[in-house]
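Quick note: numbers below take in every heavy atom, side chains included, and nothing from hydrogens, waters or symmetry partners. Chain letters run A, B, ... following the sequence lines, proteins first and then strands; every chain starts at 1.
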Amino acid sequence: DAGVTQSPTHLIKTRGQQVTLRCSPKSGHDTVSWYQQALGQGPQFIFQYYEEEERQRGNFPDRFSGHQFPNYSSELNVNALLLGDSALYLCASRTEESGGNTGELFFGEGSRLTVL
Amino acid sequence: GDSVTQMEGPVTLSEEAFLTINCTYTATGYPSLFWYVQYPGEGLQLLLKATKADDKGSNKGFEATYRKETTSFHLEKGSVQVSDSAVYFCALSGSGNTPLVFGKGTRLSVIA
(Lines give C-alpha, C1' and ligand atoms only; values in the text may rest on other atoms or scores of the structure.)
Protein backbone atom coordinates (compact mmCIF):
# COMPACT_ATOMS: atom_id res chain seq x y z
CA ASP A 1 0.00 0.00 0.00
CA ALA A 2 1.73 3.13 -1.22
CA GLY A 3 1.70 6.09 1.08
CA VAL A 4 1.57 9.70 -0.02
CA THR A 5 3.89 10.27 -2.95
CA GLN A 6 5.16 13.62 -4.16
CA SER A 7 7.11 14.77 -7.18
CA PRO A 8 9.58 16.13 -7.90
CA THR A 9 11.67 15.62 -4.77
CA HIS A 10 13.96 18.55 -5.50
CA LEU A 11 13.85 21.41 -7.95
CA ILE A 12 15.54 24.73 -8.56
CA LYS A 13 13.82 27.73 -10.11
CA THR A 14 14.64 31.39 -10.61
CA ARG A 15 12.67 34.38 -9.42
CA GLY A 16 9.58 35.11 -11.47
CA GLN A 17 9.20 31.56 -12.76
CA GLN A 18 6.28 29.26 -12.11
CA VAL A 19 6.34 25.82 -10.53
CA THR A 20 3.95 22.87 -10.31
CA LEU A 21 4.25 20.25 -7.59
CA ARG A 22 2.33 16.98 -7.65
CA CYS A 23 0.89 14.70 -5.01
CA SER A 24 -0.77 11.30 -5.01
CA PRO A 25 -2.63 10.62 -1.77
CA LYS A 26 -2.50 7.42 0.20
CA SER A 27 -4.76 4.75 -1.24
CA GLY A 28 -8.34 5.27 -0.08
CA HIS A 29 -7.82 8.89 0.90
CA ASP A 30 -9.93 11.64 -0.66
CA THR A 31 -8.84 14.81 1.14
CA VAL A 32 -5.52 16.46 0.34
CA SER A 33 -3.79 19.32 2.14
CA TRP A 34 -0.64 21.24 1.26
CA TYR A 35 1.82 22.72 3.74
CA GLN A 36 4.90 24.91 3.36
CA GLN A 37 7.83 24.21 5.68
CA ALA A 38 10.52 26.87 5.63
CA LEU A 39 13.96 25.96 6.95
CA GLY A 40 13.91 25.66 10.74
CA GLN A 41 10.16 26.23 10.93
CA GLY A 42 7.10 24.09 11.37
CA PRO A 43 4.78 23.35 8.45
CA GLN A 44 2.26 26.08 7.60
CA PHE A 45 -1.10 25.27 6.06
CA ILE A 46 -1.61 26.46 2.49
CA PHE A 47 -4.94 24.89 1.47
CA GLN A 48 -7.07 21.77 1.52
CA TYR A 49 -8.91 20.07 -1.33
CA TYR A 50 -11.91 17.77 -1.23
CA GLU A 51 -14.19 16.74 -4.08
CA GLU A 52 -12.01 18.74 -6.46
CA GLU A 53 -12.69 22.00 -4.65
CA GLU A 54 -10.59 24.17 -2.39
CA ARG A 55 -12.31 23.90 0.94
CA GLN A 56 -10.00 25.82 3.26
CA ARG A 57 -7.13 28.20 2.72
CA GLY A 58 -4.38 29.51 4.95
CA ASN A 59 -2.73 32.90 4.85
CA PHE A 60 -1.02 32.59 1.47
CA PRO A 61 -1.29 34.95 -1.51
CA ASP A 62 -3.17 34.17 -4.69
CA ARG A 63 0.13 33.23 -6.35
CA PHE A 64 -0.43 29.90 -4.64
CA SER A 65 -3.14 27.87 -6.33
CA GLY A 66 -4.06 24.24 -6.53
CA HIS A 67 -6.14 21.61 -8.13
CA GLN A 68 -7.54 18.22 -7.26
CA PHE A 69 -8.31 15.65 -9.92
CA PRO A 70 -11.07 13.02 -10.01
CA ASN A 71 -8.58 10.36 -8.88
CA TYR A 72 -7.92 12.55 -5.76
CA SER A 73 -4.39 13.45 -6.79
CA SER A 74 -3.48 17.10 -6.45
CA GLU A 75 -1.21 19.82 -7.78
CA LEU A 76 0.20 22.92 -6.13
CA ASN A 77 1.08 25.80 -8.44
CA VAL A 78 3.12 28.81 -7.45
CA ASN A 79 3.42 31.75 -9.87
CA ALA A 80 5.89 34.63 -9.91
CA LEU A 81 8.28 32.87 -7.57
CA LEU A 82 10.04 34.87 -4.87
CA LEU A 83 13.20 34.00 -2.99
CA GLY A 84 11.04 33.56 0.12
CA ASP A 85 9.13 30.74 -1.54
CA SER A 86 12.15 28.49 -1.05
CA ALA A 87 10.90 25.74 1.26
CA LEU A 88 9.88 22.12 1.62
CA TYR A 89 6.34 21.67 0.33
CA LEU A 90 4.45 18.88 2.02
CA CYS A 91 1.35 17.10 0.86
CA ALA A 92 -0.86 15.31 3.39
CA SER A 93 -3.92 13.16 2.94
CA ARG A 94 -6.73 11.58 4.92
CA THR A 95 -10.22 10.30 4.41
CA GLU A 96 -13.04 12.79 4.75
CA GLU A 97 -14.81 10.53 7.22
CA SER A 98 -11.75 10.48 9.49
CA GLY A 99 -11.70 14.25 9.54
CA GLY A 100 -12.67 16.80 12.08
CA ASN A 101 -9.95 17.55 14.54
CA THR A 102 -9.23 14.00 15.60
CA GLY A 103 -8.05 12.39 12.42
CA GLU A 104 -4.50 11.52 11.51
CA LEU A 105 -2.81 13.14 8.54
CA PHE A 106 -0.44 11.10 6.39
CA PHE A 107 2.41 13.14 4.95
CA GLY A 108 4.61 12.68 1.92
CA GLU A 109 8.34 13.28 2.02
CA GLY A 110 7.93 16.63 0.37
CA SER A 111 9.23 18.59 -2.61
CA ARG A 112 12.16 20.83 -1.82
CA LEU A 113 11.98 24.03 -3.85
CA THR A 114 14.94 26.37 -4.14
CA VAL A 115 14.38 29.77 -5.73
CA LEU A 116 17.50 31.59 -6.92
CA GLY B 1 -5.41 32.79 16.31
CA ASP B 2 -4.37 29.34 17.44
CA SER B 3 -0.66 28.83 18.08
CA VAL B 4 1.83 26.31 19.44
CA THR B 5 5.07 27.08 21.23
CA GLN B 6 7.64 24.37 21.79
CA MET B 7 11.09 24.40 23.30
CA GLU B 8 13.89 25.32 20.97
CA GLY B 9 16.52 22.80 20.09
CA PRO B 10 18.67 21.20 19.31
CA VAL B 11 18.52 18.78 22.18
CA THR B 12 21.40 16.35 22.56
CA LEU B 13 21.09 13.40 24.94
CA SER B 14 23.01 10.26 25.69
CA GLU B 15 21.35 6.93 25.08
CA GLU B 16 19.00 5.88 27.92
CA ALA B 17 18.60 9.45 29.15
CA PHE B 18 15.18 10.89 30.05
CA LEU B 19 13.58 13.15 27.47
CA THR B 20 11.18 16.05 27.90
CA ILE B 21 10.18 18.39 25.10
CA ASN B 22 7.91 21.17 26.29
CA CYS B 23 4.90 22.28 24.32
CA THR B 24 2.27 24.89 25.19
CA TYR B 25 -0.63 26.07 23.10
CA THR B 26 -3.10 28.88 22.66
CA ALA B 27 -6.48 28.00 21.22
CA THR B 28 -10.15 28.75 21.57
CA GLY B 29 -12.48 25.92 22.37
CA TYR B 30 -11.23 22.38 22.84
CA PRO B 31 -8.46 21.52 20.39
CA SER B 32 -6.99 18.11 19.73
CA LEU B 33 -3.25 17.89 20.35
CA PHE B 34 -0.64 15.93 18.44
CA TRP B 35 3.04 15.09 18.34
CA TYR B 36 4.44 14.41 14.89
CA VAL B 37 7.97 13.14 14.22
CA GLN B 38 10.15 13.65 11.17
CA TYR B 39 12.96 11.13 10.84
CA PRO B 40 15.84 11.99 8.49
CA GLY B 41 14.80 11.58 4.87
CA GLU B 42 11.19 10.75 5.73
CA GLY B 43 7.85 12.53 5.85
CA LEU B 44 6.15 13.62 9.05
CA GLN B 45 4.34 10.84 10.83
CA LEU B 46 1.97 10.90 13.75
CA LEU B 47 3.62 9.83 16.99
CA LEU B 48 0.70 10.26 19.40
CA LYS B 49 -2.40 12.31 20.01
CA ALA B 50 -4.91 13.35 22.67
CA THR B 51 -8.35 14.70 21.92
CA LYS B 52 -9.60 15.91 25.30
CA ALA B 53 -8.35 17.19 28.60
CA ASP B 54 -6.46 14.71 30.81
CA ASP B 55 -6.11 12.23 27.95
CA LYS B 56 -2.69 10.62 27.69
CA GLY B 57 -1.35 9.74 24.27
CA SER B 58 1.36 7.11 24.07
CA ASN B 59 3.36 5.28 21.41
CA LYS B 60 6.83 3.71 21.10
CA GLY B 61 7.61 4.57 24.73
CA PHE B 62 6.70 8.24 24.27
CA GLU B 63 3.91 9.82 26.31
CA ALA B 64 2.16 13.19 26.50
CA THR B 65 -0.75 14.30 28.68
CA TYR B 66 -3.28 16.94 27.61
CA ARG B 67 -3.24 19.51 30.44
CA LYS B 68 -5.96 22.08 29.89
CA GLU B 69 -5.22 23.97 33.09
CA THR B 70 -1.66 24.71 31.95
CA THR B 71 -2.43 24.54 28.19
CA SER B 72 0.44 22.09 27.79
CA PHE B 73 1.20 18.81 26.02
CA HIS B 74 4.78 17.96 26.96
CA LEU B 75 6.43 14.96 25.28
CA GLU B 76 8.34 12.53 27.51
CA LYS B 77 10.27 9.31 27.14
CA GLY B 78 11.98 7.50 29.95
CA SER B 79 14.94 6.10 28.01
CA VAL B 80 15.84 7.42 24.57
CA GLN B 81 17.62 5.42 21.89
CA VAL B 82 19.83 6.50 19.01
CA SER B 83 16.96 5.62 16.68
CA ASP B 84 14.83 8.36 18.32
CA SER B 85 17.01 11.03 16.72
CA ALA B 86 14.58 13.13 14.68
CA VAL B 87 12.70 16.43 14.63
CA TYR B 88 9.59 16.48 16.84
CA PHE B 89 6.64 18.78 16.15
CA CYS B 90 3.84 19.64 18.52
CA ALA B 91 0.59 20.50 16.74
CA LEU B 92 -3.05 21.27 17.41
CA SER B 93 -6.29 21.16 15.52
CA GLY B 94 -9.10 23.35 16.72
CA SER B 95 -12.77 22.59 16.88
CA GLY B 96 -14.34 21.33 13.69
CA ASN B 97 -12.43 20.58 10.51
CA THR B 98 -9.60 23.03 11.09
CA PRO B 99 -6.12 22.43 9.72
CA LEU B 100 -3.16 21.49 11.87
CA VAL B 101 -1.17 24.31 13.45
CA PHE B 102 2.44 23.27 14.11
CA GLY B 103 5.15 24.45 16.43
CA LYS B 104 8.60 25.17 15.02
CA GLY B 105 9.95 21.74 15.85
CA THR B 106 12.65 20.46 18.18
CA ARG B 107 15.61 18.53 16.82
CA LEU B 108 16.69 15.66 19.05
CA SER B 109 20.05 13.97 18.68
CA VAL B 110 20.77 10.88 20.77
CA ILE B 111 24.37 9.76 21.01
CA ALA B 112 25.58 6.30 21.96
Side-chain angles (χ1 to χ4, degrees), chain A residues 2-7 9-10 23-26 29-51 53-60 66 87-112, chain B residues 1-10 21 23-53 55 57 59 66 73 75 86-107:
Chain A
V4 179
T5 58
Q6 295 186 241
S7 64
T9 54
H10 295 82
C23 171
S24 292
K26 182 177 169 63
H29 287 187
D30 54 11
T31 302
V32 173
S33 299
W34 286 91
Y35 287 78
Q36 180 195 66
Q37 185 179 7
L39 195 63
Q41 302 294 315
Q44 289 202 309
F45 175 73
I46 303 175
F47 41 52
Q48 181 188 85
Y49 276 85
Y50 173 66
E51 292 189 336
E53 291 191 357
E54 182 184 293
R55 186 163 60 177
Q56 294 184 64
R57 189 179 183 91
N59 189 25
F60 280 81
L88 181 68
Y89 289 85
L90 298 169
C91 175
S93 72
R94 63 171 175 82
T95 59
E96 173 62 13
E97 63 186 14
S98 72
N101 65 351
T102 60
E104 174 181 355
L105 278 183
F106 291 80
F107 284 84
E109 294 182 24
S111 295
R112 185 165 297 283
Chain B
D2 296 349
S3 66
V4 173
T5 302
Q6 62 183 105
M7 64 185 283
E8 304 225 353
I21 300 178
C23 171
T24 58
Y25 68 89
T26 300
T28 56
Y30 301 94
S32 290
L33 302 174
F34 306 83
W35 278 100
Y36 276 81
V37 59
Q38 190 172 36
Y39 297 105
E42 299 184 17
L44 278 85
Q45 54 188 272
L46 180 66
L47 179 61
L48 53 84
K49 69 179 184 182
T51 58
K52 61 183 185 295
D55 266 3
N59 186 26
Y66 188 143
F73 193 55
L75 182 68
V87 182
Y88 292 82
F89 293 91
C90 185
L92 70 81
S93 181
S95 303
N97 183 24
T98 55
L100 285 174
V101 175
F102 287 88
K104 292 186 176 181
T106 302
R107 181 176 298 277

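Applying the 6.0 Å contact sphere to CD of B:Glu42 captures more than 12 heavy atoms from other residues, nucleotides or ligands.
Contacts between residues 42-49 of chain A and chain B, defined by a heavy-atom separation under 4.5 Å, are made by A:Gly42, A:Pro43, A:Phe45, A:Gln48.
For A:Gln41, the parts sitting under 4.5 Å from any heavy atom of chain B are the backbone and the side chain alike. In this structure, no portion of A:Gln6 lies under 4.5 Å from any heavy atom of chain B. Of the atoms belonging to B:Gln45, not a single heavy atom falls under 4.5 Å from chain A. For chain A, the nearby part of B:Gln38 is the side chain; its heavy atoms alone come within less than 4.5 Å.
Residue with the most contacts toward chain A among B:Gly103, B:Pro99, B:Gly105, B:Ala50: B:Pro99 (heavy-atom pairs, distance under 4.5 Å).
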Open item on the list: Checking B:Leu44 against A:Tyr35 for the side-chain contact (heavy atoms from CB on, under 4.5 Å) test, could you report, in this order, the C-alpha distance in whole Å, the side-chain angles of both residues, the deciding distance, and whether it holds?
Closed with: CA-CA 11 Å; B:Leu44 278 85; A:Tyr35 287 78; over 6 Å; no

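Considering all non-hydrogen atoms of both residues, B:Gly43 and A:Glu109 come closest at N-CG, 3.6 Å.
The shortest side-chain heavy-atom distance between B:Phe34 and A:Leu105 does not fall under the 4.5 Å cut-off.
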